[in-house]
Amino acid sequence: MRIDIISIFPEFFGVLDISLLGRARQAGLIDLDVHNLRDFTHDRHNTVDDTPYGGGAGMVMKPEPWGEALDSILPAIGDADAGTPEPAGGPVLIFPSPAGEQFTQAMARELANEPHLVFGCGRYEGIDQRVVDHFAARGRVRLVSLGDYVLNGGEVAVMAMIEAIGRLIPGVVGNPESLVEESHEDGLLEYPSYTKPASWRGLEVPPVLLSGNHGAIATWRRQQQIERTRLVRPDLLPAEDDADLQPPANSKARRAARG
């Protein structure tokens with residue numbers, strides 16, 4: 001997968017050189033490039049923002065540097081000023097925005113199948129709307145929100161999305177089975193996990209996990225998922241969740257594969 005990021009703080013993304021994503025880059029699974037938006041300005045102050053039309057607090061990011069930055073990354077198809085669409089399989093351009101659709105695990109899995117993602121990190125009061133409108137006419141543009149809160153800029157949101165998307169790319173996570181039973185993969189929160197020792201500071205591992213009975217373990221874990229979701233995120237539960245108390249048909253094989 002190719003990932004391009006545009007930001008006025010490119011150094012923010014140095015953390016992508018460590019851990020699983022860093023190894024994925026070294027292995028050639030992810031080709032990532034970070035672009036400094038100020039490199040596409042033409043005044044001595046490298047200005048990327050200006051006052052908003054219509055008045056109001058704050059500043060708005062100017063369209064000119066964004067247009068030049070994105071033109072340098074996106075395929076040059078037809079007449080850009082005429083709004084000629086990019087090919088259907090072209091890059092997906094993602095702008096973090098509190099006005100966007102909510103980022104979910106399902107979206108992360110969908111985007112992990114794309115060959116090229118371009119992230120635009122806004123700042124201040126946001127990016128001039130014409131940037132979104134212009135590139136939406138040329139290709140696939142998505143406004144995406146992490147949740148119902150406001151951040152200082154798009155960098156944190158982009159980091160979270162790349163982390164969620166990148167780990168789903170085949171080969172990034174060493175044991176792909178570990179991705180199957182995580183929170184939100186089946187619409188529920190993940191069950192609690194335990195390891196050795198069996199007793200720690202007076203707290204015991206649930207006996208069922210020591211039983212060796214994979215069927216009973218699968219049922220217990222499913223029940224824990226339902227209960228944890230009911231307590232913390234009841235909005236995720238289906239209307240009728242009694243049937244969901246039964247473990248998935250292939251859960252025993254999954255547990256055995258994970259040891």
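Numbering of residues begins at 1 and proceeds along the displayed sequence.
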Look at the rings of Tyr194 and Trp220 and say which category their plane angle falls in: under 30° parallel, 30 to 60° tilted, over 60° perpendicular.
tilted
Kindly compute the distance separating CD1 (Ile30) from CE (Met1), expressed to the nearest 0.5 Å.
7.5 Å
Does some side-chain heavy atom of Pro192 sit less than 4.5 Å from a side-chain heavy atom of Gln224?
yes
Let me see the working for Phe119 and Asp4 under side chain to side chain contact (heavy atoms under 4.5 Å, CB included), right down to the final yes or no.
CA-CA 6 Å; Phe119 292 92; Asp4 286 281; over 6 Å; no
For the residue pair Ile6 and Cys121, establish whether any side-chain heavy-atom pair is separated by less than 4.5 Å.
no
Kindly indicate, with the supporting measurements, whether the criterion side chain to side chain contact (heavy atoms under 4.5 Å, CB included) is fulfilled by Ile5 and Phe13.
CA-CA 9 Å; Ile5 305 168; Phe13 296 95; 3.7 Å; yes
What donor-acceptor contacts under 3.5 angstrom involve side-chain atoms of residues 141-154, with partners at least two apart or in another chain?
residue : atom : partner : partner atom : Å
Arg142  : NE   : Glu101  : OE2          : 3.0
Arg142  : NH1  : Glu110  : OE2          : 3.0
Arg142  : NH2  : Glu101  : OE1          : 3.2
Arg142  : NH2  : Glu101  : OE2          : 3.4
Ser145  : OG   : Gly147  : N            : 3.2
Ser145  : OG   : Gly147  : O            : 2.9

Can you measure from CD1 (Ile162) to CZ (Arg167) and round to the nearest 0.5 angstrom?
14.5 Å
Between Glu190 and Arg221, does any side-chain N to carboxylate O distance fall below 4.0 Å?
no
Contacts of Glu204 meeting salt bridge (charged side-chain N to carboxylate O under 4.0 Å, His left out) (sequence neighbours excluded), chain-then-number -> none
Note: Pro52 and Gly58 closest approach over all heavy atoms is CD-O, 3.3 Å
Under a 3.5 Å cutoff, is there a donor and acceptor pairing between the side chains of Glu68 and His42?
yes
Which atom pair, heavy atoms only, marks the closest approach of Val172 to Ala24?
CG2-CB, 3.8 Å
Dump the intermediate steps for side chain to side chain contact (heavy atoms under 4.5 Å, CB included) on Val131 and Leu70, then the final yes or no.
CA-CA 9 Å; Val131 174; Leu70 289 167; 4.0 Å; yes
Are Leu21 and Val15 connected into the same hydrophobic cluster when the rule is that any two of I, L, V, M, F, W, Y join if their side-chain heavy atoms are below 4.5 Å apart?
yes
Single-linkage hydrophobic cluster, 4.5 Å side-chain cutoff, Leu37 and Val60 together:
no
Nearest 0.5 angstrom please: Leu111 CG to Leu117 CG, how far?
5.5 Å
Of all residues at least two apart in sequence or in a different chain, which pass the side-chain hydrogen bond (donor to acceptor under 3.5 Å, both in side chains) check with Asp17?
Arg25
Are Ile3 and Asp33 close enough that some pair of their side-chain heavy atoms sits under 4.5 Å apart?
no
Is Asp71 close to Arg138 at the side-chain level, that is, under 4.5 Å between some pair of heavy atoms?
yes
To the nearest 0.5 Å, how far apart are OG1 in Thr51 and CD in Glu125?
12.0 Å
Might you point out which heavy atoms bring Tyr191 and Gln225 nearest each other, and give the distance in Å?
N-CG, 3.7 Å
Passes side chain to side chain contact (heavy atoms under 4.5 Å, CB included), Asp128 versus Trp66? Steps please.
CA-CA 9 Å; Asp128 189 303; Trp66 275 104; over 6 Å; no
Listed partners of Asp49 passing salt bridge (charged side-chain N to carboxylate O under 4.0 Å, His left out), at least two apart:
none
Would you say that Gln105 contacts Leu168 through its side chain, given a criterion of any heavy-atom pair below 4.5 Å between the two side chains?
yes
Please say yes or no: joined through hydrophobic side-chain contacts below 4.5 Å, possibly via intermediate residues, are Tyr53 and Met59 part of one cluster?
no
Go through the structure and list residues passing salt bridge (charged side-chain N to carboxylate O under 4.0 Å, His left out) with Asp43, not counting sequence neighbours.
none
Rounded distance [0.5 Å steps], CG in Asp39 versus CG in Asn36:
4.5 Å
Among residues at least two apart in sequence or on other chains, which ones pass salt bridge (charged side-chain N to carboxylate O under 4.0 Å, His left out) with Arg23?
none
Identify the heavy atoms of Ala198 and Leu210 that sit nearest to each other, and give their distance.
CB-CD1, 4.4 Å
Measuring only between side-chain heavy atoms, which start at C-beta, is Asp50 closer than 4.5 Å to Met61?
no
Straight-line distance of His35 NE2 to Ser7 OG, nearest 0.5 Å
11.0 Å
Pick from Arg228, Arg222, Arg230: which one makes a side-chain contact (heavy atoms from CB on, under 4.5 Å) with Leu188?
Arg222
Thr219 side chain to Ala216 main-chain N or O, any donor-acceptor pair under 3.5 Å?
no
Backbone N or O of Leu189 within a donor-acceptor pair of the Arg233 side chain at under 3.5 Å?
no
Under the criterion side-chain contact (heavy atoms from CB on, under 4.5 Å), which of Val92, Ile94, Ile165 is the partner of Glu114?
Val92
Scanning both residues in full, the closest heavy-atom pair of Thr41 with Pro65 reads CG2-CB, 4.0 Å
Could you check if a side-chain atom of Phe40 sits within less than 4.5 angstrom of a side-chain atom of Val48, using non-hydrogen atoms only?
no
Student check: side-chain heavy atoms of Phe95 and Ile127 closer than 4.5 Å:
yes
Which heavy-atom pair separates Arg130 from Pro63 by the least distance, and what is that distance?
NH2-CG, 3.9 Å
